[in-house]
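Heads up: the structure comes next, in structure tokens.
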Number of protein chains: 2
Amino acid sequence: MRFDTRLSGMLHVLLHMVESGKPVTSEAMAGYLGTNAVVVRRTMAGLRDAGLVRSEKGHGGGWVVARAPSDVSLGDVYSALGSPTLFAIGNRNENPNCLVEKAVNASLGETLREAEALVVARLHNISLADVADTVGGGMEEFKRVMSKGFKDV
Amino acid sequence: MRFDTRLSGMLHVLLHMVESGKPVTSEAMAGYLGTNAVVVRRTMAGLRDAGLVRSEKGHGGGWVVARAPSDVSLGDVYSALGSPTLFAIGNRNENPNCLVEKAVNASLGETLREAEALVVARLHNISLADVADTVGGGMEEFKRVMSKGFKDV
DNA sequence: CTCTCACGTAACTTTATAAGTTTCATGAGA
DNA sequence: TCTCATGAAACTTATAAAGTTACGTGAGAG
């Protein structure tokens with residue numbers, strides 16, 4: 001299975017967008033991620049539909065965060081991506097006739113559901129602002145923007 | 001990504017092996033799983049190397065569980081499979097230069113590590129015997145074998 | 001008005017990996 | 001010695017994220 005890095009990637013560019021304070025183009029974000037602008041647009045489309053970001057066409061256009069960073073949780077971003085499958089493992093057959101397999105599914109399924117609930121709860125409890133606060137090193141401009149509060153550009 | 005069902009599949013056949021009380025062929029297990037005997041052998045190889053099962057060639061051969069079902073945890077089986085990747089999501093780049101990406105990795109990584117630890121702990125806390133106890137419906141032979149304790153065939 | 005910038009989207013290719021398949025070798029017992 | 005069963009190499013298939021190509025649309029700049 002190739003491993004889904006959309007959440008990781010989108011969080012990365014969202015923080016750069018907050019840092020920038022002005023519209024960031026798909027091309028620039030593709031640069032941050034070492035990927036293609038089309039991949040960025042495709043993935044950002046979910047966040048736009050969820051109201052987390054807005055996009056503007058033309059000169060000076062690009063993407064901006066549509067809410068205060070303290071009001072966007074990692075869980076919001078995860079949901080906006082369509083709540084992609086969290087686990088790489090799982091039950092072979094979700095509706096087996098075999099009683100033994102049903103027992104295995106129940107046991108394994110319960111464990112995974114618990115872990116999923118934990119992850120989703122944690123993600124909803126961390127905001128972009130929280131992550132921004134943990135960015136180390138001389139990011140003065142970043143801290144300036146954050147300390148002044150978010151301006152809805 | 002195609003989703004890893006080896007743990008689920010192996011637990012299923014292990015319980016059938018316990019139920020049977022005699023060697024079960026790869027062919028029979030492939031029947032339980034709706035798959036191919038070679039897939040079963042390939043996957044069971046890890047459990048054999050970990051000492052959880054033994055295999056015998058020739059007439060009357062097949063696979064047997066090498067320990068008491070109460071002494072084999074789901075975590076043991078997971079480890080024997082090589083502790084396959086648990087999550088379908090993760091960080092894009094584990095060793096970024098970008099400070100923003102480092103902050104994202106730390107935040108997301110911590111959440112996933114916590115959930116992974118929870119899953120592994122839970123799996124180590126459930127034995128094959130525990131799962132067997134939850135098998136519902138008229139599995140008299142199964143219960144008989146379990147109540148008599150495990151015979152090292 | 002038109003040129004350029006930037007997003008929107010469809011359609012296709014690439015990549016990684018579990019799963020599945022084919023084939024042959026080896027060893028155990030009837 | 002014939003059959004059964006595992007062992008293992010080598011190959012194909014399936015799937016979904018990621019990557020690419022190509023073209024359309026709307027918004028400023030000049």
Side-chain angles (χ1 to χ4, degrees), chain A residues 1-10 12-13 17 20 22-49 53-64 66 78 81-93 153, chain B residues 1-10 12-13 17 20 22-49 53-64 66 78 81-93 153:
Chain A
M1 154 200 317
R2 176 181 278 194
F3 181 94
D4 185 342
T5 62
R6 287 178 293 178
L7 178 58
S8 168
M10 290 304 98
H12 182 182
V13 296
M17 285 160 65
S20 152
K22 53 188 179 184
V24 179
T25 65
S26 306
E27 207 67 54
M29 293 196 263
Y32 296 140
L33 296 176
T35 181
N36 189 294
V38 177
V39 174
V40 173
R41 289 191 196 112
R42 182 198 294 153
T43 314
M44 291 290 286
L47 310 203
R48 183 190 58 220
D49 295 347
V53 297
R54 284 198 309 274
S55 57
E56 307 285 347
K57 292 182 178 179
H59 285 87
W63 300 83
V64 293
Y78 174 71
L81 291 172
S83 300
T85 307
L86 212 51
F87 293 106
I89 70 169
N91 292 324
R92 242 190 121 74
N93 177 350
V153 182
Chain B
M1 141 204 320
R2 177 180 277 195
F3 181 96
D4 185 342
T5 61
R6 286 178 293 179
L7 178 59
S8 169
M10 290 304 98
H12 182 182
V13 297
M17 285 160 65
S20 151
K22 53 186 178 184
V24 180
T25 66
S26 306
E27 207 67 56
M29 293 196 264
Y32 294 141
L33 296 176
T35 182
N36 189 293
V38 176
V39 174
V40 172
R41 289 193 197 110
R42 182 198 296 155
T43 314
M44 290 291 285
L47 310 202
R48 183 190 59 220
D49 296 345
V53 297
R54 284 198 309 274
S55 57
E56 307 285 348
K57 292 180 176 180
H59 285 89
W63 300 81
V64 293
Y78 174 71
L81 291 172
S83 301
T85 307
L86 211 52
F87 293 105
I89 71 170
N91 292 325
R92 242 189 120 74
N93 177 350
V153 182

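Residue numbering restarts at 1 for every chain, and letters A, B, ... go by the order of the sequence lines.
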Heavy-atom closest contact (B/Leu47 atom, B/Leu81 atom, distance)
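Heavy atoms only, the tightest pair is CD2-CD2, 4.0 Å.
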Looking at D/dA18, I'd like to know if its phosphate oxygens (OP1 or OP2) sit under 4.0 Å from a side-chain N or O belonging to A/Thr5.
yes
With a 4.0 Å limit, can you tell me whether B/Ser55 has a side-chain N or O closer than that to the phosphate oxygens OP1/OP2 of D/dA5?
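No.
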Using a strict heavy-atom distance below 4.0 Å, which residues from residues 39-49 of chain A are in contact with DNA chain D?
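The answer is A/Val39, A/Arg42.
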Members of residues 25-34 of chain A that approach DNA chain D, where some heavy atom sits under 4.0 Å away
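Under 4.0 Å from DNA chain D: no residue of residues 25-34 of chain A.
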Closest listed nucleotide, where the reference is the side chain of [X] and the choices are [options]:
| X | options | value |
| --- | --- | --- |
| B/Trp63 | D/dG19, D/dT6, C/dC7 | D/dT6 |
| B/Asn36 | C/dA28, C/dC7, C/dG20 | C/dG20 |
| A/Val38 | D/dT21, D/dG28, D/dA18 | D/dT21 |
| A/His59 | C/dA19, D/dT6, C/dC5 | C/dC5 |

Which pairs would a plain distance check flag for residues 25-40 of chain B, meaning a side-chain donor or acceptor within less than 3.5 Å of a matching protein atom at least two apart in sequence or in another chain?
residue : atom : partner : partner atom : Å
B/Thr25 : OG1  : B/Ala28 : N            : 3.0
B/Ser26 : OG   : B/Arg41 : NE           : 3.4
B/Ser26 : OG   : B/Trp63 : NE1          : 2.9
B/Asn36 : OD1  : B/Val38 : N            : 2.8

Can you list everything that forms a salt bridge (Lys or Arg N to Asp or Glu O under 4.0 Å) with B/Arg92? Sequence neighbours excluded, please.
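So B/Arg92 forms no salt bridge (Lys or Arg N to Asp or Glu O under 4.0 Å) with any residue.
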When the distance from [atom1] of [X] to [atom2] of [N] is rounded to whole Å, what number comes out?
| X | N | atom1 | atom2 | value |
| --- | --- | --- | --- | --- |
| B/Met17 | D/dT6 | CE | C1' | 13 Å |
| B/Lys57 | C/dA25 | NZ | P | 13 Å |
| A/Phe3 | D/dG19 | CZ | P | 13 Å |

Take the C1' atoms of the five end pairs on each side of the helix from C/dC1-D/dG30 to C/dA30-D/dT1, derive the two axes, and give their angle rounded to 10 degrees.
10°
